Amino acid sequence: MNTAYISIGSNIGDRLHHLVEAVRILRLREGITVTAVSSIYETAPVGFTDQADFLNMAVGVETGLVAGDLLEVCQQVEHELGRVRDIRWGPRTVDLDVLLYNNDNIETENLIVPHPRMHERAFVLIPLLEIAPLVAHPTAEAKLFAEEAAVRDEGVILWKKLNGVDELLQEGE
Ligand code: X6L
Ligand code: MG
Ligand code: MG
């Protein structure tokens with residue numbers, strides 16, 4: 001079995017609904033067990049800043065899928081929830097990024113893990129560290145993500161405190 005972490009974000013329409021539905025669909029997929037969900041954070045847009053604030057969260061999964069297949073599932077979830085790719089770094093109904101997969105360093109045409117620049121992004125690190133406080137970058141240094149300067153960055157506020165996946169799924173009812 002493999003342990004992976006996925007970042008989820010939304011800044012179009014009913015943002016909470018998009019996060020809840022993304023987790024609901026992930027859980028229904030064969031070969032994926034959602035083992036942890038973070039709280040939900042409201043975050044200022046990064047990269048392309050002239051867009052609405054995001055809701056971001058992180059989830060931990062146990063999976064029998066190889067990383068490439070997990071990525072494919074993430075892209076299917078994005079598609080099911082109406083993701084359209086137009087503006088680079090622009091608004092999206094939902095975005096699922098594979099952050100970490102075991103302790104692996106992966107570099108294929110479609111997928112780089114750890115997710116590039118995740119260590120610079122508070123909107124990724126703060127939710128991730130809530131569910132995996134001791135997670136480290138899979139390199140020789142094995143540096144704790146908790147030591148990254150971005151963890152102390154501004155622009156990320158706790159929006160909805162959550163205790164577990166059941167509480168999250170109730171939000172969608
Ligand atoms: C210079 C150039 C500095 C580019 C930063 C940062 C680009 C992040 C893209 C960058 C740069 C990204 C989200 C977001 C995006 C999200 C929040 C991206 C891809 N996704 N902002 N911006 N949450 N708060 O999920 O991460 S676009
Ligand atoms: Mg992203
Ligand atoms: Mg993405």
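In each ligand, atom 1 is the first atom listed, and ligand 1 is the first ligand listed. All values reported here derive from a predicted model rather than from experimental measurement.
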Item to check | With Glu62, the side-chain hydrogen bond (donor to acceptor under 3.5 Å, both in side chains) member among Thr33, Thr3, Thr35 | outcome: Thr3
Item to check | Distance, nearest 0.5 Å, that separates CD1 of Ile12 from CZ of Arg83 | outcome: 9.0 Å
Next on the checklist: Pairs of nitrogen or oxygen atoms closer than 3.5 Å, one from Gly47 and one from ligand 1: do any exist?
Outcome noted: no
Next on the checklist: Taking Ser39's backbone N and O only, do any of them form a donor-acceptor pair with Glu130's side chain (distance below 3.5 Å, no angle check)?
Outcome noted: yes
Next on the checklist: Residue-level breakdown please: for Asn56 versus ligand 1, do any non-hydrogen atoms fall below 4.0 Å on the side chain, on the backbone, on both, or on neither?
Outcome noted: side chain
Next on the checklist: Quick check on the hydrophobic clustering: are Ile131 and Phe145 connected, directly or via other members, by side-chain heavy-atom contacts under 4.5 Å?
Outcome noted: yes
Next on the checklist: Yes or no, since that's all I need: does a protein heavy atom fall within a distance strictly under 4.0 Å of atom 1 (C) of ligand 1?
Outcome noted: no
Item to check | atom 16 (C) of ligand 1 [closest protein heavy-atom partner, distance rounded to 0.1 Å] | outcome: Phe123 CE1, 3.3 Å
Item to check | Protein heavy atom at shortest distance from atom 26 (O) of ligand 1 | outcome: Arg121 NH1, 3.0 Å
Checklist entry - Asp95: which N/O/S atom is nearest the Mg ion (ligand 3)? => result OD1
Checklist outcome for this item: closest protein heavy atom to atom 19 (C) of ligand 1 is Trp89 CD1, 3.7 Å
Checklist entry - Above 12 or not: heavy atoms from other molecules or residues under 6.0 Å from CD of Glu147? => result yes
Checklist entry - Nearest to atom 15 (C) of ligand 1, what protein heavy atom do you find, and at what distance? => result Val46 O, 3.7 Å
Item to check | Within reach of ligand 1, part of Ala44 (heavy-atom separation under 4.0 Å) | outcome: backbone
Next on the checklist: If we count only non-hydrogen protein atoms and require a distance under 4.0 Å, does atom 11 (C) of ligand 1 qualify as touching the protein?
Outcome noted: yes
Checklist outcome for this item: Under 4.0 Å from one or more heavy atoms of Thr43, ligand 1 contributes atoms 17 (C), 23 (N), 24 (N)
Next on the checklist: Check whether Thr63 reaches the backbone of Asn2 with its side chain - one donor and one acceptor, N or O, closer than 3.5 Å.
Outcome noted: no
Checklist entry - Looking at CH2 of Trp159 and CE of Met57, how far apart are the two atoms once the value is rounded to the nearest 0.5 Å? => result 11.0 Å
Checklist entry - Cluster question for you: counting only ILVMFWY and a side-chain heavy-atom cut-off of under 4.5 Å, with indirect links fine, are Val23 and Leu96 together? => result yes
Next on the checklist: Tell me whether the Mg ion (ligand 3) has Asp97 as a neighbour, meaning an N, O or S atom of it below 2.8 Å.
Outcome noted: yes
